[in-house]
Amino acid sequence: MSKEITSREQDYSQWYIDLVLKAGLADYSAVKGCMVIKPYGYALWENMRDVLDKKFKDTGHQNAYFPLFIPKSFLSKEAAHIEGFAKECAVVTHYRLKNDPNGGGVIVDPEAKLEEELIVRPTSETIIWHTYKSWIKSYRDLPLLINQWANVVRWEMRTRLFLRTAEFLWQEGHTAHATEQEAIAETEQMLNVYADFAEQYMAMPVIKGVKTANERFAGAVETYCIEALMQDGKALQAGTSHFLGQNFAKAFDVTFLNKENKQESVWATSWGVSTRLIGALIMAHSDDDGLVLPPKLAPIQVVIVPIFKTVEQLNAIFEKIKPLMDELKAKGIRVKFDDGDNKSPGWKFAEYEMKGVPVRIAIGARDLENGTAEVARRDTKEKMSLQMLGLAEKLEHLLSQIQDNIFQKALQFRDENIVHVDTYDEFKKALNAKGGFLAAHWDGTSETEEKIKQETKATIRCIPLNNKQEEGKCIYSGKPSRQRVLFAVAY
RNA sequence: CGAGGUGUAGCGCAGUUGGUAGCGUACCUGGUUUGGGACCAGGGGGUCGUCAGUUCGAGCCUGGCCACCUCGACCA
């Protein structure tokens with residue numbers, strides 16, 4: 001078979017790459033570290049984007065668009081911010097090419113050097129806060145609730161399809177508020193939007209928490225995050241929501257007059273999720289036969305494979321299946337009828353399993369006689385023969401069952417892989433055994449976190465929100481601790 | 001960027017002491033098929049990653065570069 005994929009057991013990384021390439025989600029490109037998102041992968045992203053976009057609008061946000069380029073000087077205005085991003089910025093230095101006088105094709109025209117270099121945005125805080133300065137004068141202009149769907153560039157040394165690419169698609173919300181409490185409430189609200197999306201649509205359980213100082217976003221006062229666990233025991237940061245305090249307002253001099261006619265600095269948040277979520281989705285549910293997609297996001301939710309010998313038979317099947325398709329479409333279910341005659345049914349079965357289509361229907365002469373159809377679900381590989389009568393309702397129900405089932409399965413896996421450890425030995429043993437989230441006491445210092453990272457590669461993924469308070473001792477330093485934090489090796 | 005590995009048809013690979021490139025699959029045509037990746041026959045498709053060197057002659061030898069993979073370093 002031309003499309004066999006490496007098993008997870010054999011080589012987890014290769015399995016992931018095989019899935020991305022062979023399911024037709026993305027491809028490598030001519031540009032280092034950049035990928036081509038293929039139609040099937042982009043359809044998945046569109047579905048994710050549409051759901052999130054609605055959630056953003058339902059919480060009062062509006063979309064806008066800011067430039068791809070940022071004047072270099074903007075990046076030097078917030079010290080921590082530039083510290084975090086300087087090492088991975090693409091820089092535009094010239095604006096024109098010309099023919100090489102020595103005949104070597106085109107070269108950069110040395111006379112077309114930019115007065116000030118432009119940075120390809122790694123994130124848009126700086127250009128947006130520069131803009132906000134002119135938009136915000138009074139408390140009446142607040143809150144300002146803006147989201148942008150965009151591409152950004154971070155010149156990563158080592159990339160992985162969807163999980164870390166040099167250019168990626170994302171959304172970035174940037175909000176401005178009159179008070180600290182309101183900005184914090186916004187930060188938490190958006191974290192909840194992300195968590196709900198991850199769990200209800202991606203069927204991927206996440207842990208909500210805050211980052212330690214080491215892991216915090218460059219320029220943030222507090223970084224909230226959702227952390228998910230992948231099947232290989234590594235953690236993946238799936239989304240972040242930052243409370244930026246007044247750092248950017250002060251750096252870009254954004255002030256407003258309050259009701260008492262006094263100048264105050266604006267309070268800020270930013271929050272984002274990216275095409276990395278597709279990587280998370282793949283690793284959360286898929287198996288050695290291919291993708292397993294949650295019905296709510298699957299580009300194709302139900303695929304119908306006719307089994308026929310002649311055009312007459314195909315037509316007869318189509319006649320029979322057309323009302324069902326209409327009914328499914330009326331219910332908003334994405335259905336595909338694959339009547340291609342150059343692939344065998346067996347090939348199609350394997351192909352749609354590879355692509356993670358949640359429900360497959362096979363229908364042939366036998367079914368026409370009996371008034372039935374063979375229904376197969378991707379998550380359990382279960383097949384059943386069902387009556388055509390009332391099938392649309394059953395399929396609708398089945399899709400929600402599948403959605404629920406893969407969430408429960410992922411949840412069970414995640415919960416089984418949260419291990420409480422009380423000594424550094426236990427910690428290292430558990431980490432080597434199967435990874436996962438290690439709930440351990442920590443003395444709260446960056447030094448300890450750094451040392452554990454150097455020795456084990458594990459980092460503190462988050463301090464869970466509403467964390468249980470309990471007396472304990474730091475597994476590394478033995479100093480007193482009031483709560484456990486979650487360590488893991490991360491992507 | 002460091003260490004290791006790989007690069008030959010869309011994909012997966014073979015290619016002997018250096019002698020002018022092949023297999024499987026995919027693709028095209030015709031026919032037979034179709035309930036788990038069909039079969040037969042015929043056909044098209046290659047600057048052998050790239051640049052240079054050695055040689056009468058390079059897929060094969062030498063060097064530089066590029067891309068990808070794994071592990072580091074780096075990373076919201």
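Quick note on labels: first sequence line is chain A, next is B, and so on, each numbered from 1.
- Under 3.5 Å, the side chains of Q387(A) and T372(A) contain no donor-acceptor pair of N or O atoms.
- Judged by Watson-Crick or G-U wobble contacts below 3.5 Å, the nucleotide G18(B) has no partner.
- Between Y352(A) and the phosphate of G36(B), there is no side-chain N or O to OP1/OP2 separation shorter than 4.0 Å.
- At the phosphate of U70(B), OP1 or OP2 sits under 4.0 Å from a side-chain N or O atom of R160(A).
- For L161(A) and N214(A), each mapped to the nucleotide of RNA chain B holding its nearest heavy atom, the one lying further toward the 5' end belongs to L161(A).
- At the heavy-atom level, F168(A) lies under 4.0 Å from base atoms of the strands shown.
- Summarising the base pairing, U70(B) is matched to A3(B) through a Watson-Crick or G-U wobble pair whose two defining distances lie under 3.5 Å.
- Within the 4.0 angstrom heavy-atom criterion, base atoms lie near P122(A).
- Taking the six-membered ring where the residue is Trp, F217(A) and H242(A) present parallel rings, their angle staying beneath 30° rather than reaching 60°.
- When both distances must be under 3.5 Å, the Watson-Crick or G-U wobble mate of C75(B) does not exist.
- With hydrogens and angles ignored, a donor-acceptor pair closer than 3.5 Å exists between the side chain of K383(A) and the base of G36(B).
- Checking the phosphate oxygens (OP1, OP2) of U34(B), a side-chain nitrogen or oxygen of K309(A) falls inside 4.0 Å.
- U25(B) and C40(B) have their P atoms separated by 8 Å, given to the nearest Å.
- Ranking G35(B), C69(B), C1(B) by closeness to the Q14(A) side chain, first place goes to C69(B).
- When distances run from any side-chain atom of S13(A) to the nucleotides U70(B), G37(B), C74(B), the shortest one goes to U70(B).
- Look at K32(A) and you'll find a side-chain N or O under 4.0 angstrom from OP1 or OP2 of C68(B).
- Between S344(A) and the phosphate of A38(B), there is a side-chain N or O to OP1/OP2 separation shorter than 4.0 Å.
- Side-chain rings of F56(A) and W271(A) approach one another, their centers coming within less than 6.0 Å.
- For K457(A), the listed nucleotide lying nearest its side chain is G72(B); candidates were C68(B), G72(B), G35(B).
- Between G36(B) and K348(A), no contact under 4.0 Å exists linking OP1 or OP2 to a side-chain N or O.
- The side chain of R164(A) has C75(B) as its nearest neighbour among C74(B), C75(B), G35(B).
- Contact annotation for D367(A): base contact, defined as any heavy-atom pair under 4.0 Å involving a base atom.
- Scanning atom types as modelled, no donor and acceptor separated by under 3.5 angstrom connect the side chain of R158(A) and the base of C74(B).
- In this structure, E215(A) pairs ionically with R461(A), as a charged nitrogen and a carboxylate oxygen lie closer than 4.0 Å.
- Base-pair partner of G42(B): C28(B) (Watson-Crick or G-U wobble, both distances under 3.5 Å).
- Closest to the side chain of I17(A), from the set G36(B), U34(B), C69(B), is C69(B).
- Contact annotation: K343(A) side-chain N/O to C27(B) OP1/OP2 distance is under 4.0 Å.
- The listed nucleotides are U34(B), G37(B), U70(B); the one nearest the side chain of I307(A) is U34(B).
- Checking T159(A) against T310(A), the closest nucleotide of RNA chain B that is more toward the 5' end is the one next to T310(A).
- Across every strand in view, G12(B) sits in a pair with C23(B) that passes the Watson-Crick or G-U test at under 3.5 angstrom.
- When each of C69(B), G36(B), U34(B) is scored by its nearest atom to the side-chain atoms of E353(A), the top-ranked nucleotide is G36(B).
- In a base pair of the Watson-Crick type (N1 to N3 plus N6-O4 or O6-N4) or a G-U wobble (N1-O2 and O6-N3), with each distance short of 3.5 Å, G35(B) is matched with no nucleotide.
- Ring-plane geometry between F168(A) and W170(A) is classed as perpendicular, the angle between the planes exceeding 60 degrees on a 0 to 90 degree scale with a lower cut at 30.
- Both distances falling under 3.5 Å, in either a Watson-Crick or a G-U wobble arrangement, place C61(B) opposite G53(B).
- Side-chain rings of F437(A) and F487(A) stay apart, their centers remaining 6.0 Å or farther from each other.
- Aromatic pair F248(A)/H81(A): centroids less than 6.0 angstrom apart.
- Remark: the separation of the P atoms in G49(B) and A9(B) is 8 Å, to the nearest Å.
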